[in-house]
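Single-structure report; data block below.
Bear in mind the structure is a predicted one, so any value in this text is a computation, not a measurement.
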Amino acid sequence: MKKTNRRKRRKKRAVMVRRIVVGVMVLFLSGLCLCLYLLVCKSNPSEEGIEYLEKGQYEEAISQFEEAVKDEVNVGDAYRGIGIARWELEDYEGARDAFQKALEQESESPFTGTIYNFLGNCELKTGNPQSAQNYFQMGIGLKGNSEELDQEMKFNLIVALEQSGDWENAKAKVAEYVSEYPDDASVLKEQQFLETR
């Protein structure tokens with residue numbers, strides 16, 4: 001009888017241990033599933049910001065990118081997104097500030113030339129052609145620039161020189177531009193304008 005009671009107690013303990021182990025495993029797997037769900041399904045504010053930019057919903061995009069900055073997720077990209085959204089909203093000072101912060105975050109990014117171009121254009125829009133010239137000059141020829149981007153910045157540099165009244169350098173840059181891009185009809189207007197100066 002003692003042996004039977006011992007066996008029963010052992011069986012009860014074994015069943016209880018199995019239940020505890022199974023319970024712990026279920027809790028562990030549930031927690032693991034929850035963590036995976038949160039990792040996979042939690043939205044990325046930068047990605048949502050890009051979606052809003054593409055839809056033309058600039059205020060919403062800014063909000064998402066600011067959340068990404070706060071969460072320290074893709075901070076350089078987020079500032080660049082804020083800059084683009086503010087540019088589209090014609091908030092050129094706000095765009096300039098965001099692009100400057102983007103540069104601080106990603107000084108060797110393939111987007112650096114684009115950021116310099118935006119910064120130069122922001123300076124032109126806010127009446128600072130000398131500062132615009134600096135940004136265009138820093139951006140021209142950077143690694144990662146497309147040929148079209150370099151061409152655009154060279155043209156923008158001519159505009160900045162004109163706006164600052166530096167006619168001689170503007171004429172010289174137009175001559176360089178025409179020799180490099182002879183098929184660009186848009187520069188002919190600038191060249192004609194500069195010939196009257």
Taking all atoms of both residues into account, what is the closest heavy-atom pair of Ala102 and Ile115, and its distance?
-> CB-CD1, 3.9 Å
State, with a plain yes or no, whether a side-chain heavy atom of Ile158 is found less than 4.5 Å away from one of Tyr177.
-> yes
Closest non-hydrogen atom pair between Gly49 and Phe65, with its separation | C-CZ, 3.3 Å
Taking the side chain from Asn128 and the backbone from Ser131, do they hold a donor-acceptor pair closer than 3.5 Å?
-> no
Within a reach of under 6.0 Å around OH of Tyr58, are more than 12 heavy atoms found that belong to other residues, nucleotides or ligands?
-> yes
Under a 4.0 Å N-O cut-off, is there an ion pair linking Glu66 with Lys101?
-> no
Considering residues at least two apart in sequence or located in another chain, which fulfil the salt bridge (charged side-chain N to carboxylate O under 4.0 Å, His left out) criterion with Arg96?
-> Glu123
Thinking salt bridges, do Lys70 and Glu67 make one under a 4.0 Å N-O criterion?
-> no
Side-chain heavy atoms of Leu89 within contact of Glu59, under 4.5 Å = yes
Just say parallel, tilted or perpendicular for the rings of Phe99 and Phe118, cut-offs at 30° and 60°.
-> parallel
Does a side-chain heavy-atom distance below 4.5 Å link Tyr92 with Glu90?
-> yes
Here the salt bridge (Lys or Arg N to Asp or Glu O under 4.0 Å) pairs for residues 147-157, sequence neighbours left out, are Lys154-Glu180
Report, as yes or no, whether the 6.0 Å neighbourhood of atom CD on Glu93 holds more than 12 heavy atoms from other residues, nucleotides or ligands.
-> no
